[in-house]
Protein chains: 2
Amino acid sequence: MVRKSASGRIGIADVAVKAGVSHATVSRVMNGNFTVDPEIAARVRAAAVELKYQPNPVGRSLALGKTDTIGIVVPDLANPTFQAILRGLSRAAAQDGYRVLIADSFEVSSEETILAGEARRRCDGLVLCAPRMSDAELEEIAPSLRPLVLINRTTAAAGVPSLVVDYGQGVQDIAEHLVELGHTRLAFLAGPPRSASNNLRLQGLEAFKAAHPQVEVTMLEGGSDFDTGHGAVDAVLESGATGILAFNDLVAMGLMSGLHERGLDVPGDISVTGFDDIPFAKYTTPTLTTAAVPITELGEQAWHQLRALIRNEESDAPGSRYQPKLEVRASTGPAKAARTAVHG
Amino acid sequence: MVRKSASGRIGIADVAVKAGVSHATVSRVMNGNFTVDPEIAARVRAAAVELKYQPNPVGRSLALGKTDTIGIVVPDLANPTFQAILRGLSRAAAQDGYRVLIADSFEVSSEETILAGEARRRCDGLVLCAPRMSDAELEEIAPSLRPLVLINRTTAAAGVPSLVVDYGQGVQDIAEHLVELGHTRLAFLAGPPRSASNNLRLQGLEAFKAAHPQVEVTMLEGGSDFDTGHGAVDAVLESGATGILAFNDLVAMGLMSGLHERGLDVPGDISVTGFDDIPFAKYTTPTLTTAAVPITELGEQAWHQLRALIRNEESDAPGSRYQPKLEVRASTGPAKAARTAVHG
DNA sequence: GCGTTGGCAGAAAGCGTTTTCTGCACAACG
DNA sequence: CGTTGTGCAGAAAACGCTTTCTGCCAACGC
């Protein structure tokens, strides 16, 4: 005869009856309120243990107006970058007793707004990860999502800190590295068109071109996964470039794989670079030259910013900027004597 | 003067006042209840839109006794296998309007019980992914976690379906493949000791050894990540084996990387196999022979099982068993003429 | 014309907590 | 001895929603 309430689950009322006290007293004991007689407190605790009472978090959330949960919206859970951010976020939040609710928009930007709103209402705060929506839309909904932290995106809306990676500087560093190796014809395998980080890369390349007018930089359409890289082999060869900047490590790996299949040597014939420095980059053959982004740390910092917002509404969180670090490995080498385009 | 209630957020009461009706009517309209006068319904909807009213999910959850959220507990969010399961689960659940709360136990088995309990109380159901806890503990807490679905683990507790991959058969298939290539000395780079899937692999190897007494199988200690494989090069060479079964693809990749650094050829000198067929396996050099597990589908099926349990308490879900499929790629080849151990 | 039904909206009772407010008992003080 | 204070537990309100129950009014049948 343990279960008393209709729902089947035992609640605070059952403990109260068992201990012969009121609901209020049970609540006080469970929350460590000291204005309760030690003897009664002990009786309540004993009853709670005996009944295996566990407070219902939903009722608690309603009363307290907080859920101890934060949400994260990502464009694609299959992307290692977002996985790493999620991991860092989850780990950091867990240390402060918060849980993470995930929402995957599957690169459908129209879904993002809805998902973000729904997630926010269930949580105490939200992390919006590289949202694909337009600047205008982002700025419009941002206020209603606060406390909100942005990753790899900025907005004019007030009180919304941003954590951004300086992809522009990153690609410049990589391009410089290739130039130092003697490459004069480069190609950039671009990422998803709606990706803000892709735009930052493009801006970086513009700056690079301005500083190095003698270097030819071809822009190639792309995406963000293996297959993009693997399928870009023809376009890459056609460009005649000897140094390829892939959008990220995945694309670079796909490209290297495709080049190997054609019997080309990396970096003997063509140098390939990635971006992000995912764990796999150290174990490719050849190991991949890339720009390391402290991705997991990014997730961790996102939590710290969000926590500041949740705890103290007034804290003006400035956000921060991360500099990628060039990791020179074995996929880049001296430029071969000038190649001519394979086709045309 | 939009916000009326003390909390700042606009609630059902504000809409009721604005539309000149009662709370109940607003609720009815918002939930598509047709026993309401169309004209009044329109007025309510107009008020809701104008006030940008969005129902508070917490209040809703408390009243309805459901959260439209499920939880998943994984031992390590950094592991691609669990990431893939999470992805499949999240995607499938999202299609039915459910969200996913994640809990990472960081391989600390004592945390699992707590995390699982907490997650369960916040959700309508739980997926326990390859839990590291003991059989006894699992069986004890399983009833309190229902609706519950297990992945890669079984329990005697009733009404808890399990989705398990037949790792035992998988390693046998791989071992057979190596034997057919002429290998007579094999080595198994084991995974985490507490991993149930590792035990299944070991059982499979025992069966294999019984069927092939002429083949020598060395057991080597290991883990589940790159570094394990990379650090196992010495032990592998020392074993004198020419065919290596790595615990999973990550370990295999680390091992291949280490072998390359020693100037050894895969598969010329040594054949290496993985397990799981993570997306990267197709893009390693050489491409990796492995046993493909439909991991994402596993997550998807987990949701289907869980959904059945949530919707109909009586549905006895049997769980299911997945057969890995051997994927022969370029990391395995004919055995070289018998090698002797490098050391000793 | 009156009683009965049925449609539809409001009142109110939950859901399971927390927390304020109320009230009792006892001690201290004038 | 009466008054004020203090400590502590219970009553009740609040959180924001759903849903049952109640009640009003009109229509219908006899």
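The chains referred to below are lettered A, B, ... by the order of the sequence lines, with proteins before strands, and numbering in each begins at 1.
- Looking at the side chain of A24(A), the nearest of the listed nucleotides dG16(D), dT19(C), dA9(D) is dT19(C).
- As rounded to whole Å, 12 Å separates atom P of dT18(D) from atom NE2 of H23(B).
- Note: CD (Q54(A)) to C1' (dG16(C)) measures 14 Å, nearest angstrom.
- Between N31(A) and dT18(C), a side-chain N or O to OP1/OP2 separation shorter than 4.0 Å is present.
- Phosphate contact (OP1/OP2 of dT18(D), side-chain N/O of R60(B), threshold under 4.0 Å): present.
- Each of dC8(D), dG16(C), dT18(D) was ranked by its minimum atom distance to the side chain of D37(A); first place goes to dC8(D).
- Distance from the side chain of S27(B) is smallest for dT18(D) among the nucleotides dA9(D), dT18(D), dC15(C).
- Atoms CD (E39(B)) and P (dC8(C)) sit 13 Å apart, rounded to a whole Å.
- Straight-line distance from the CG atom of L62(B) to the P atom of dG14(C): 14 Å, rounded to whole Å.
- Between dG10(C), dG16(D), dA9(D), one nucleotide has an atom nearer to the side chain of R28(B) than all others, and that is dG10(C).
- Nearest nucleotide to the P55(A) side chain, out of dT17(C), dC15(D), dG14(C): dT17(C).
- With hydrogens and angles ignored, no donor-acceptor pair under 3.5 angstrom links the side chain of R121(B) to the base of dG16(C).
- Partner of R132(B) under the side chain to side chain donor-acceptor pair (under 3.5 Å) criterion, chosen from E112(B), E107(B), E137(B): E107(B).
- K66(B) places its NZ atom 18 Å from the P atom of dC15(C), with the value rounded to the nearest Å.
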**Item:** Pair M133(A)-T113(A), side-chain contact (heavy atoms from CB on, under 4.5 Å): steps then yes or no
**Value:** CA-CA 8 Å; M133(A) 68 185 73; T113(A) 308; 4.1 Å; yes
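- In this structure, the CG atom of N56(A) is 13 Å from the C1' atom of dT18(C), given to the nearest Å.
- The CD1-C1' distance, from I40(A) to dA25(C), rounds to 13 Å in whole Å.
- Residue contacts shown for V58(B) are absent, as no nucleic acid heavy atom lies under 4.0 Å away.
- Taking the side chain of T25(A) as heavy atoms from C-beta on, and the options dA9(C), dA9(D), dG16(D), the nearest nucleotide is dA9(D).
- Here R307(A) pairs with D96(A) under the side chain to side chain donor-acceptor pair (under 3.5 Å) rule; sequence neighbours left out.
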**Request:** Could you please spell out the steps behind the side-chain contact (heavy atoms from CB on, under 4.5 Å) verdict for V74(B) and L86(B)?
**Result:** CA-CA 9 Å; V74(B) 297; L86(B) 169 62; 5.7 Å; no
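- Between Y53(A) and dT17(C), a side-chain N or O to OP1/OP2 separation shorter than 4.0 Å is present.
- Pairing each heavy atom of V160(B) with each of A142(B), the nearest pair is CG2-CB, 4.3 Å.
- I12(B) has its CD1 atom 5 Å from the P atom of dC17(D), to the nearest Å.
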